Amino acid sequence: MAPKERYRVLAKIDPEALASFQAGIRKRYSDDQILAELRACAERLGRSPTMREFAADPGTTVHPQTVIEHFGSWNAAKRSAGLVPRRFATREELLRLLRVLGEQLGRVPAAKDLDARKGTMPSKSLYWHTFGSLTNALREAGFDVPVGEERLERAIVQGAALARTLGRLPKFADWSAARRADESLMTEWQIYRMFDARRGAWSTFQFLVREQLREEGIEVRPDGSLV
């Protein structure tokens, strides 16, 4: 088969002149400018952007390929910008980020701290899926976490699972019935006492279950039914 003929206009290009031109084009943006655009995009989205999201953001002026040319890969650029890649985060990286956050806060990080830092910290659901619970991740990162927090976190995950089965947030009686069928569940009174058995204890638990479901991508209507 005869080799494919090159377009004449391409054949006339001086390779050195082309390389010089391309280098000049890339220098239109400094590394700092690109990182600033990445951070601004993450702020607008409320999370660490994918290449497609970055390219579709009308507020960005840099093409994703330019980002890659500067930093070698998309995830390398996001790490340099202080953003967490949404995929391929290793256990070691997740633990390191928890330790850094703990140093910044001066205390043990909580789920609400991760929620407040979307885009610069992984979601708590990623920690749950990777380590089994946020508490497990915190302990593996070297934090001293009370046992009670782990029990509550486990109850919330179990509550979300029951809600998916029921199609709505579990009521006190629902939990009691589920406990009779599955003794691995905490009793409804054990959960109640974790909130000091105060008025609104069960609705507070339902609120936490709703937040867990939202992390899993499941919306909950005001009446407690799942969308």
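Every heavy atom of this structure was used, including side-chain atoms; hydrogens, water molecules and symmetry mates were not. Computed from a prediction, not measured in an experiment: that's the story for all the values here.
- The shortest non-hydrogen separation linking V62 to F54 is O-CE2, 3.2 Å.
- The side chain to side chain contact (heavy atoms under 4.5 Å, CB included) search around A36 returns none, not counting sequence neighbours.
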- Message: Using side-chain contact (heavy atoms from CB on, under 4.5 Å), reason through E37 and V67 one step at a time and then give a plain yes or no.
- Response: CA-CA 10 Å; E37 293 241 1; V67 178; over 6 Å; no
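- Of the possible donor and acceptor atoms, one in the side chain of T204 sits under 3.5 Å from a partner among the backbone N and O of G200.
- A distance-only check finds a donor-acceptor pair linking the side chain of E153 to the backbone of L134 [under 3.5 Å].
- Donor-acceptor pairing under 3.5 Å is recorded for the side chains of Q212 and E216.
- The shortest non-hydrogen separation linking P49 to L83 is CD-CD1, 4.1 Å.
- The shortest distance between side-chain heavy atoms of F207 and R210 falls below 4.5 Å.
- Partners of E219 according to the side chain to side chain contact (heavy atoms under 4.5 Å, CB included) rule, which considers only residues two or more places apart in sequence or in another chain, are R214, V227.
- Q206 pairs by the side-chain hydrogen bond (donor to acceptor under 3.5 Å, both in side chains) definition with nothing, not counting sequence neighbours.
- Between Q158 atom CD and L185 atom CG the span is 5.0 Å, to the nearest 0.5 Å.
- In this structure, L35 and A77 approach most closely via the heavy-atom pair CD2-O, 3.5 Å.
- Of the inter-residue distances, the one linking L138 atom CG with R99 atom CZ reads 10.5 Å to the nearest 0.5 angstrom.
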For residues 165-172, please give each side-chain donor-acceptor pair under 3.5 Å, one per line with the distance, not counting sequence neighbours.
| unit_1 | atom_1 | unit_2 | atom_2 | d |
| --- | --- | --- | --- | --- |
| T165 | OG1 | A161 | O | 3.3 |
| R168 | NH1 | D174 | OD2 | 2.4 |
| R168 | NH2 | D174 | OD1 | 3.3 |

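- A donor-acceptor contact under 3.5 angstrom links the side chains of D223 and S225, judged on distance only.
- Connection of V100 to F143 is not established within any shared hydrophobic cluster, with ILVMFWY side chains joined at heavy-atom distances below 4.5 Å, either directly or through further cluster members.
- To the nearest 0.5 Å, the span separating NE2 on H63 from CD1 on I68 amounts to 9.0 Å.
- Using a 4.5 Å heavy-atom cutoff, the side chains of L213 and L226 are in contact.
- The shortest non-hydrogen separation linking A163 to V209 is CB-CG1, 4.4 Å.
- To the nearest 0.5 Å, the span separating CG on L152 from CE on M186 amounts to 7.5 Å.
- Between the side chain of D113 and the backbone N or O of A110 there is at least one donor-acceptor pair closer than 3.5 Å.
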- Verdict with supporting geometry, F131 and R91, side-chain contact (heavy atoms from CB on, under 4.5 Å): CA-CA 8 Å; F131 297 92; R91 289 175 68 93; 3.4 Å; yes
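- Atoms CG and CG, on L101 and L114 in that order, are 6.5 Å from each other to the nearest 0.5 Å.
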- R179 and S176: CA distance, side-chain angles, deciding distance, side-chain contact (heavy atoms from CB on, under 4.5 Å) verdict: CA-CA 5 Å; R179 175 68 170 73; S176 178; 5.7 Å; no
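- Every side chain to side chain contact (heavy atoms under 4.5 Å, CB included) that R52 has, sequence neighbours left out, goes to T50.
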- Item | Step-by-step side-chain contact (heavy atoms from CB on, under 4.5 Å) determination, L98 to Y127 | CA-CA 10 Å; L98 276 180; Y127 281 103; 3.5 Å; yes
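- At least one donor-acceptor pair closer than 3.5 Å links the side chain of R39 to the backbone N or O of A81.
- One finds the CZ atom of R117 at 10.5 Å from the NZ atom of K112 (value rounded to the nearest 0.5 Å).
- Side-chain contact between D57 and E53 is absent, with no heavy-atom pair separated by less than 4.5 Å.
- In the model, R139 has no side-chain atom that pairs as donor or acceptor with a side-chain atom of T135 under 3.5 Å.
- When side chains are defined from C-beta on, C41 counts as touching R44, because their heavy atoms get closer than 4.5 Å.
- By the ring pair (Phe, Tyr, Trp, His ring centres under 6.0 Å) test, F205 is found to be paired with W175, W202, residues two or more places apart in sequence or in another chain being considered.
- L95 is not listed as a side-chain neighbour of E92, based on a closest heavy-atom distance of 4.5 Å or more.
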